[in-house]
Amino acid sequence: MSTRTSWADLAANSAAENVTAGSSANNGAAGTTSAPGRSTYVPPHLRNRPASSDPPALAPAPAYNGPVASNDRPGYGGASRWGGPRNDFNRSGYSGGRAGGWGGGRSGGWDRGREREVNPFEDEDVTEEQAFNEQENTGINFDAYEDIPVETSGDNVPPAVNTFAEVDLGDALNQNIRRCKYVKPTPVQRHAIPISLGGRDLMACAQTGSGKTAAFCFPIISGIMRGQTPQRPVRGARTVYPLALILSPTRELSMQIHDEAKKFSYQTGVKVVVAYGGAPINQQLRELERGVDILVATPGRLVDLLERARVSLQMIRYLALDEADRMLDMGFEPQIRKIVEQMDMPPAGVRQTMLFSATFPKEIQRLASDFLASYIFLAVGRVGSSTDLIVQRVEFVHESDKRSHLMDLLHAQRANGVQGKQALTLVFVETKKGADALEHWLCINGFPATTIHGDRTQQERELALRSFKTGNTPILVATDVAARGLDIPHVAHVVNFDLPNDIDDYVHRIGRTGRAGKTGLATAFFNENNASLAKALAELMQESNQEVPAWLTRYAARASYGGGRNRRSGGGRFGGRDFRRDSNFSRGGSDYYSGGSSSTGYGASGGYGGGGGGGGVSGGYGPGVTSAWD
DNA sequence: AAAAAAC
């Protein structure tokens, strides 16, 4: 009994046949099938919470009364791609109200005060009322941003913004941005947010630690807030229908994205749930039943949930792939294809799709383009990494000398340690066995170490990460499970005990340090086993103004087989280049790339920061000043 | 050849 032309109707036409309107959001929890007990369920971790941990007396988010048509900016192509139905996203009657103002019935019970939303900012100083619009006067040298090379291609690229205030994210979200103490958008946010708000699909390449999570979360949250409350179909009573899906390649990264997204969506009425393997599924199912707008997940657990019909993707409006190139590499691609193309998700062009990574090899871009419609390619920053914050060293170390060499590094580091505490050191190795062995060896030699890899239980993995973050065990031996996305503050040193075979993996690994405007050190142990990486490594280091040892240059020259996987993706200074711009790209269709492109942004300073040296992104960050950088 | 990702 659908009564209007809505997104749900569109979905019904394109994806499913058993749409039954009339039930409220989220699997009828507040509708006719509502289970009365459900809305009063309080999960164990929230029971008996002292009153002091309730949200402080923040003013309720003011009603959002701004224009509601930002999804429809004329001329950006969003509306035309969507045709009529998309206009229904802009619920004209959206009138705020408590906590972002979902009408009654949304997320049954969620916003009725029965369950208090845990304040994710409770550790932080929320009384601080920095004037949101005074960010021009903070004394931060954001001019440095102007030097960051930016490349966009695609049709009708929306112009970048300079402040959060000038994009229309809504008051509740703006307040959370303020609580996060994000003063000014990072470069990728400046460009990606207006693109996404304009309704466009996006493939974005931006440095590690450059605020990508917020770049895709803000438009999603904002879009859901202003969107029409969907008529979610009733299929099985226990099927839930998230509106947004965020996929990431590791469990810990999904947890981290979830934590971030919870902060951004605090008191917006938008519910974020995370689902990943290795943890009991029942608790995740309970969370899902309590309502979900944004689902953050790893692929395996999501497929499980889909096959159990506990989750349907029929109502997905937003799809985001973090570490998108990893998600589409050989190991992951079939699973991702299944989720995106073979379940009930609306097709590209109907949903909005955002792909983010610090690296984006051409061949992966080609695969990814299957998931996108008329998308904008965005590359921000140099060679896939904030490398000017990271001092990269390469040392020639024979396999048999690696342990003692590591020991020397750690001893030296301990001597220089601040306040007697060992600086956090992240040591990457090639294999899980190798990780365990090295951890053991470090421990018996007096260096408190722990390890994270796929053979450990999820509990062990999470404990290891926590123990590392707190400095309890300041050395973490890791496989590539920890290479991507994880934001671990204060990592002073990344050691590539075993170098990866792929230069992109190296970029991601060293990106675990040098975050939040801090400097970092990355040391690699190179030997004859790594010859195939020599060329790419030497080039990468050169591009980021690092000292390249002469012996490495010789290795690089010798390695004539430096093609294939190890070649810089697209070359040049960017983490990537739109593969559509390659002259040898052809795919039959002509609708692929017809737009213009622009480099270095929108009339901002030209050039690449004088070959890199002056192009630093860190310049001007004062101590204690937080940006949305991380 | 390895790692990750469901039970």
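Note on naming: letters A, B, ... go to the chains in the order of the sequence lines (proteins, then strands), and numbering restarts at 1 for each one. Since the model is a prediction, treat every value here as computed from it, not as a measurement.
For K433(A), no side-chain nitrogen or oxygen approaches OP1 or OP2 of dA2(B) to under 4.0 Å. Considering only side-chain N and O atoms, R326(A) lies nowhere under 4.0 angstrom from the phosphate OP1 or OP2 of dA3(B). Between T298(A) and dA6(B) there is a side-chain N or O to OP1 or OP2 distance below 4.0 Å. For T479(A), a side-chain nitrogen or oxygen approaches OP1 or OP2 of dA4(B) to under 4.0 Å.
At whole-Å resolution of the value, CD1 in I339(A) and P in dA6(B) are 9 Å apart. Between the CD atom of E333(A) and the P atom of dA3(B) there is a distance of 22 Å, given to the nearest Å. dA1(B) atom P lies 17 Å from atom CG of D480(A), rounded to whole Å. We find that CG of L253(A) is positioned 13 Å from C1' of dA5(B), with the value rounded to whole Å. Rounding to whole angstrom units, CZ of residue R310(A) and P of dA6(B) are separated by 17 Å. Rounding to whole angstrom units, CG of residue L499(A) and C1' of dA2(B) are separated by 15 Å. D504(A) places its CG atom 17 Å from the C1' atom of dA2(B), with the value rounded to the nearest Å. For the pair D329(A) CG and dA4(B) P, the interatomic distance rounds to 13 Å; values are reported in whole Å.
Taking the ring pair (Phe, Tyr, Trp, His ring centres under 6.0 Å) definition, one finds that F497(A) meets it with F525(A), sequence neighbours left out. Residues satisfying the side-chain hydrogen bond (donor to acceptor under 3.5 Å, both in side chains) criterion with T450(A), sequence neighbours excluded, are absent altogether. In this structure F216(A) satisfies the ring pair (Phe, Tyr, Trp, His ring centres under 6.0 Å) test together with F356(A), sequence neighbours excluded. With sequence neighbours excluded, the residues forming a salt bridge (charged side-chain N to carboxylate O under 4.0 Å, His left out) with D455(A) are K432(A), listed by chain and number.
Counting non-hydrogen atoms under 4.0 angstrom, V303(A) reaches nothing in the nucleic acid. Looking at heavy-atom distances under 4.0 Å, D304(A) makes contact with a base. Base contact: G331(A) has a heavy atom under 4.0 Å from a base atom.
R326(A) and D329(A) are joined by a salt bridge, as a carboxylate oxygen and a charged side-chain nitrogen come within less than 4.0 angstrom of each other. The pair R286(A)-E289(A) fails the salt-bridge criterion, with no side-chain N (NZ, NE, NH1 or NH2) lying under 4.0 Å from an Asp/Glu carboxylate O.
For residues 459-477 of chain A, every residue pair satisfying the salt bridge (Lys or Arg N to Asp or Glu O under 4.0 Å) rule, not counting sequence neighbours, is listed here: E252(A)-R461(A), R456(A)-E460(A).
Using a 4.0 Å cut-off on heavy atoms, the residues of residues 455-465 of chain A that approach DNA chain B are R461(A), listed by number.
In the model, H453(A) has a side-chain atom that pairs as donor or acceptor with a side-chain atom of D436(A) under 3.5 Å.
Nearest to the side-chain atoms of Y276(A) among the listed nucleotides dA6(B), dA5(B), dA3(B) stands dA6(B). Closest to the side chain of R251(A), from the set dA3(B), dA4(B), dA6(B), is dA6(B).
Checked by distance alone, N501(A) brings no side-chain donor or acceptor within 3.5 Å of a matching partner on the base of dA2(B).
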